[in-house]
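Worksheet for the structure shown next.
Protein chains get the first letters and strands the later ones, always in sequence-line order, with residue 1 at the start of each.
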Number of protein chains: 2
Amino acid sequence: MGESAPGHELPLRLFAAFRAAVDAVHDDLARAGHEHLRPMHGFVFQAIGTRGTTAVELGARLGVSKQAAGKTIAALERQGYVERAPDPHDARRKAVRLTDAGRDVLDRSARTFARVRAQWADTLGPDRLERLEADLADLTPGEIWRLDAPGWFGPER
Amino acid sequence: MGESAPGHELPLRLFAAFRAAVDAVHDDLARAGHEHLRPMHGFVFQAIGTRGTTAVELGARLGVSKQAAGKTIAALERQGYVERAPDPHDARRKAVRLTDAGRDVLDRSARTFARVRAQWADTLGPDRLERLEADLADLTPGEIWRLDAPGWFGPER
DNA sequence: CCATGATCGACAACCAGGTTTACTATATGG
DNA sequence: CCATATAGTAAACCTGGTTGTCGATCATGG
């Protein structure tokens with residue numbers, strides 16, 4: 001019964017693994033010319049997605065205010081990752097869509113995540129990796145698609 | 001071979017589990033009167049530890065500049081979590097140590113992490129949990145004690 | 001013994017990314 | 001037709017990073 005490791009070892013290992021995958025993605029992105037993207041931007045690009053979004057919707061997905069989402073969109077627009085166009089059906093809305101550069105980020109991220117998963121399958125063997133995924137799913141049921149890490153981590157409140 | 005889930009599912013599950021543990025800790029901390037602590041502070045308290053530290057050392061552990069560490073220390077001092085005392089052996093240094101309130105945060109965090117681990121052992125069974133820990137250790141060898149999440153997540157360079 | 005260089009902590013100016021409050025313009029439903 | 005709700009923007013502010021600079025203190029080599 002004696003657990004020699006301190007209690008925060010498991011959370012730290014979870015975070016380390018998450019971080020290793022994200023670092024791999026951003027290493028690849030940096031090599032592909034996307035130098036200035038930070039880990040947090042991964043959540044933003046996922047939240048925008050190939051279908052596009054709006055400032056309010058993005059804010060809700062990221063767990064931040066619509067104003068913060070608007071600032072993020074403006075910054076990504078300056079960097080050429082998204083473009084805004086008026087919504088033909090609602091003059092209040094501005095549709096935010098990924099440019100080719102933005103889609104490149106999303107595509108490369110997906111490929112690198114897949115590559116990392118393949119490496120992990122190589123290390124553990126496919127069975128243990130699938131078991132690990134299933135166990136994680138049991139521990140955090142339903143929480144998969146939450147992208148509100150920016151609001152979660154920041155100072156806010 | 002066909003993996004239907006998108007590649008970022010596994011990293012997201014890792015992050016979700018990490019986050020569930022940290023949220024449990026901060027829920028308990030909030031109930032114990034430590035209302036305003038953010039997830040990031042967990043790393044700071046761990047980096048200070050029961051043995052204390054200095055601004056330079058804390059900056060190195062957290063992966064931020066010594067100035068940022070100094071600001072963090074000043075903020076925690078205002079909130080009563082740490083106290084500074086001149087180092088008798090080196091008049092340049094100021095020893096930073098946790099107050100009783102700071103030690104309370106550390107103790108409660110450890111207890112809550114242990115409680116979460118026990119809950120997870122209950123969900124998966126002890127064998128699967130230990131296997132999960134071992135697998136995570138295989139995936140991220142040696143990366144356990146890195147506490148530089150603040151610098152990793154933030155905007156910086 | 002002291003001059004030089006390294007180190008520690010602080011301050012200032014700045015930046016990124018959050019917040020709240022307030023506002024305009026546009027939809028929408030009674 | 002008007003009242004209300006919603007989308008986006010702007011301003012002022014906060015936190016927590018950054019770099020550059022600086023005075024004070026230690027450590028070392030001549």
Taking only nitrogen or oxygen atoms into account, show me every contact under 3.5 Å that the protein makes with nucleotides 26-29 of chain D, one pair per line with its distance.
residue: D:dC26; atom: OP1; partner: B:Ala91; partner atom: N; Å: 2.6

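Evaluation of the salt bridge (Lys or Arg N to Asp or Glu O under 4.0 Å) rule for B:Asp100 yields B:Arg103 as partners, not counting sequence neighbours. Residues passing the side-chain contact (heavy atoms from CB on, under 4.5 Å) test with B:Ala75, sequence neighbours excluded: B:Arg78. Scanning for side-chain contact (heavy atoms from CB on, under 4.5 Å) contacts around B:Asp104 gives B:His34, B:Arg108, with sequence neighbours left out.
Contact between the side-chain N/O atoms of B:Arg84 and the OP1/OP2 oxygens of C:dA10 is found at a separation under 4.0 Å.
The ring-ring contact (aromatic ring centres under 6.0 Å, His included) contacts involving residues 39-76 of chain A comprise A:Phe43-B:Phe15, A:Phe45-A:Tyr81, where partners must be two or more places apart or lie in separate chains. Note on residues 122-149 of chain A: pairs passing ring-ring contact (aromatic ring centres under 6.0 Å, His included), not counting sequence neighbours, are A:Trp145-B:His8. Within the structure, no pair that satisfies the ring-ring contact (aromatic ring centres under 6.0 Å, His included) test touches residues 87-137 of chain B, not counting sequence neighbours.
Separating the CD1 atom of A:Ile73 from the P atom of D:dA10 is a distance of 13 Å, rounded to the nearest angstrom. Counting to the nearest Å, the P atom of C:dA27 and the NZ atom of A:Lys94 are 14 Å from each other. At whole-Å resolution of the value, CG in A:Leu76 and C1' in C:dA16 are 13 Å apart. Rounded to an integer number of Å, the gap from A:Leu58 CG to C:dG18 P is 10 Å. What separates CZ of A:Phe153 from P of C:dG18 is a distance of 13 Å, to the nearest Å. Between the CH2 atom of A:Trp152 and the P atom of C:dG17 there is a distance of 19 Å, given to the nearest Å.
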For residues 53-64 of chain B, run the donor-acceptor check on the side chains, cut-off 3.5 Å, and write out each pair with its distance to 0.1 Å, sequence neighbours left out.
residue: B:Thr53; atom: OG1; partner: B:Glu57; partner atom: OE1; Å: 2.8
residue: B:Thr54; atom: OG1; partner: B:Glu57; partner atom: N; Å: 3.3
residue: B:Glu57; atom: OE2; partner: B:Arg61; partner atom: NH2; Å: 2.7
residue: B:Arg61; atom: NH1; partner: B:Ala47; partner atom: O; Å: 2.5

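Residue B:Arg97 qualifies as open at atom CZ: its count of foreign heavy atoms under 6.0 Å is 12 or below.
Between the side chain of B:Lys66 and the base of C:dG9 there is at least one donor-acceptor pair of N/O atoms closer than 3.5 Å.
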Per-nucleotide protein contact along nucleotides 11-17 of chain D, 5' to 3', at a 4.0 Å heavy-atom cut-off (B base, S sugar-phosphate only, - neither), is -B--SSB

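Between the CG atom of B:Asp135 and the CZ atom of A:Arg128 there is a distance of 4.0 Å, given to the nearest 0.5 Å.
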